[in-house]
There are 2 protein chains.
Amino acid sequence: MKQSIGFVGLGQMGQPMALNLLHAGFELRVFDVREERLTPLLEQGAQRAQRLEDVTEPGGIVVTMVPDDRTLLAVTLGEDGILRRIGQGGVHLSLSTVSPEVAAQLARVYGEQGSHYLVATVLGRPEVARAAQLSIFLSGHSGAKGRVLPLLQVLGTHIYDLGERVEVANIVKLGYNFLIATAIEAMGEAAALAEQCGADRAQFLRMLVESPLFKGAVYEGYGRMIGERDYSEARFPVAMGLKDVELVLRVAEHARVPLPYAEIVHEHLRAAQMSGPSHEDWSVLADFVMQAETGAAAAARAGR
Amino acid sequence: MKQSIGFVGLGQMGQPMALNLLHAGFELRVFDVREERLTPLLEQGAQRAQRLEDVTEPGGIVVTMVPDDRTLLAVTLGEDGILRRIGQGGVHLSLSTVSPEVAAQLARVYGEQGSHYLVATVLGRPEVARAAQLSIFLSGHSGAKGRVLPLLQVLGTHIYDLGERVEVANIVKLGYNFLIATAIEAMGEAAALAEQCGADRAQFLRMLVESPLFKGAVYEGYGRMIGERDYSEARFPVAMGLKDVELVLRVAEHARVPLPYAEIVHEHLRAAQMSGPSHEDWSVLADFVMQAETGAAAAARAGR
């Protein structure tokens, strides 16, 4: 019989992952603050954790896929939280894209009580999670990794062990999100230039991915959205993108690595958030190439 | 019998393209200031043009693949140049990545004498040219395009007609080179961050292209070079990259499109040119992420 596992956070990513674990024969106790998210899982045999405390079993495994540092800290360190209940040998496996500092902090406090906090960040959109084809970056205490490998093998195709430093998986994931953001910004700038000079914006980005130079989901998917100026299919909403780019900048400042590209993307994402509907995809930042300049120029004129 | 064509500029890109034309049965009159470049073509039956003027036949087609604006203007407008000899109905097909202004200027002067200047910029490295798998962006006078299509069909797999505005193909090509440069810069910044935070630089970039997010020659090829800090295989030397990014900035200024990403790449390419051996690949700019900041920080301290 497979193990019984706690699973907290059944949103766009958590839900397909939890379903895959169920289908692979794991027993799940599931928790989410939004009740309706539990329905598809309960229908497939998951057990509802009435309260957060019910999700954790002493010495067991709890998986979390929550949106940000604040939520992770709440479900972990709160009165009914995972840390207090997981006990000796228990493992908290965190899949979220959160800050490296929080990862390091949690690994420390878990370690002090003889339990483990592991990080496994994942690369892929909800449909990739559904197809169990995620890339997974695992870091933390070596001894505990063996216990979570069977789960991770259900969830993804590529599993990379990045060593003992628990925050490395967070940094790698943030680095990749930064690279996606820069690709969006670059396509936005290039498309603006091409269009302004008489080329067709959508064709410009289409020809690019028809060449052998640029392939893959980022240039193909976001390229189409930027080319057609259609940001309604939110693969990743502006607010989430802004959160990640802010995390990147914080990590970079701490590590004393200059990231001029991240600063520009940050500025354009903020402009997008201030002026657009927040449910739009973060690739809308590509449209703030021109506006930002107009704004800067206006500010410069006003300052004269 | 196939047509006899003039071909000027038999460097890394021109040579494989000219060879493919020969093999497809075109007769070629070839010219290059560097004699030794002609050898492989003469061996395959090309005719040597002793002087530049011999390359052009009245009413014929001359193809040029030269490194920059200056060389293109010299072979075109000089005393023995193509313009004076090509006559009524002749076609000058320019494959080089040069400035849009020069393209527009040349199209105008050719048009005034009843001949045609067409632009066909190409995307792909020398081995792609050798395999006749280039992507080709064609723009200029519609009536003249039919005459060069049989040549282009020999050289590439994708041929895009971008309309009558002759400089559009130049702009599209510059836009793509800008996107390659931004990808290099972004990988450099991200790799610096990952490495500084304890991840393995080469692994960080390898995992990226193993994911479905980033595929294609740019992330795979340059990613490996940046990951391993090996810039010795010059796919595209620093000086050429710098020239193209400077053209991009000039076009952007003229079109009033802000390109903050291009400005940063320009700065790092200049730093690379000033301090490194000039035969290195332009992806070496990825290593100037840290140095540039150190320089800026030093300047700020000195200014205090």
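Remember, predicted model here, so these are calculated numbers, not experimental data. Sequence lines set the chain letters: A, B, ... in the order given, protein chains first and strands last, and positions in each chain run from 1.
- Taking each heavy atom of A/V172 and B/A199 in turn, the nearest pair found is CG2-CB, 4.1 Å.
- A/E267 places none of its side-chain heavy atoms less than 4.5 Å from the side chain of B/P260.
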Quiz item: Can B/L193 and A/L174 be said to form a side-chain contact (heavy atoms from CB on, under 4.5 Å), step by step?
Solution: CA-CA 10 Å; B/L193 182 70; A/L174 288 174; 5.9 Å; no
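- In this structure, chain B has a heavy atom under 4.5 Å from the side chain of A/L123, while its backbone stays farther away.
- How far CG of B/N177 is from CG of A/L213: 8.5 Å, rounded to the nearest 0.5 Å.
- Among the candidates A/Q133, A/H158, A/E185, the residue making the largest number of heavy-atom pairs closer than 4.5 Å to chain B is A/E185.
- Taking each heavy atom of A/A186 and B/F178 in turn, the nearest pair found is O-CE2, 3.8 Å.
- For a residue to count as touching a neighbouring chain, one of its non-hydrogen atoms must lie under 4.5 Å from one of that chain's; by this rule A/S135 touches chain B with the side chain only.
- Listed options B/P212, B/A194, B/G221 were ranked by heavy-atom pairs under 4.5 angstrom with chain A; first place goes to B/P212.
- Separating the CD atom in A/E263 from the CD1 atom in B/I264 is a distance of 8.0 Å, to the nearest 0.5 Å.
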Quiz item: Would A/Q203 and B/Y160 satisfy side-chain hydrogen bond (donor to acceptor under 3.5 Å, both in side chains), going step by step from the backbone distance to the final call?
Solution: CA-CA 10 Å; A/Q203 186 190 23; B/Y160 300 95; over 6 Å; no
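- Proximity of A/F214 to B/I180: side-chain heavy atoms (C-beta onward) are separated by under 4.5 Å at one or more points.
- Minimum heavy-atom separation, B/L179 to A/M187: CD2-N, 3.7 Å.
- Comparing A/A192, A/P100, A/A190, A/S139 by heavy-atom pairs within less than 4.5 Å of chain B, the highest count is held by A/A190.
- Using a 4.5 Å cut-off between heavy atoms, A/V218 contacts chain B through both its backbone and its side chain.
- Under a cut-off of 6.0 angstrom, the local environment of CD in A/Q12 is sparse, with at most 12 non-hydrogen atoms contributed by other residues, nucleotides or ligands.
- Each side-chain hydrogen bond (donor to acceptor under 3.5 Å, both in side chains) pair with one or both residues in residues 123-132 of chain A, not counting sequence neighbours, appears once here: A/R125-A/E127, A/R125-A/E233.
- For a residue to count as touching a neighbouring chain, one of its non-hydrogen atoms must lie under 4.5 Å from one of that chain's; by this rule A/A262 touches chain B with the backbone only.
- Of all non-hydrogen atoms in A/G198 and B/V168, the two that sit nearest each other are O-CG2, 4.1 Å.
- Both the backbone and the side chain of A/V251 come within less than 4.5 Å of a heavy atom in chain B.
- Counting heavy-atom neighbours within 6.0 Å of B/E253 CD, excluding the residue itself, gives a total of 12 or less.
- The closest side-chain heavy-atom distance from B/M207 to A/L162 is below 4.5 Å.
- Remark: the backbone N or O of B/E189 is not paired with any side-chain donor or acceptor of A/Y261 at under 3.5 angstrom.
- With values rounded to the nearest 0.5 angstrom, A/E195 atom CD is found 12.5 Å from B/I171 atom CD1.
- The neighbour count for A/R201 CZ, taken as heavy atoms of other residues, nucleotides or ligands under 6.0 Å away, is above 12.
- Listed for the B/Y176 side chain is a donor-acceptor partner under 3.5 Å among the backbone atoms of A/F204.
- Judged by distance alone, with hydrogens and angles left aside, the side-chain atoms of B/R165 form a donor-acceptor pair with the main-chain N or O of A/C197 at under 3.5 Å.
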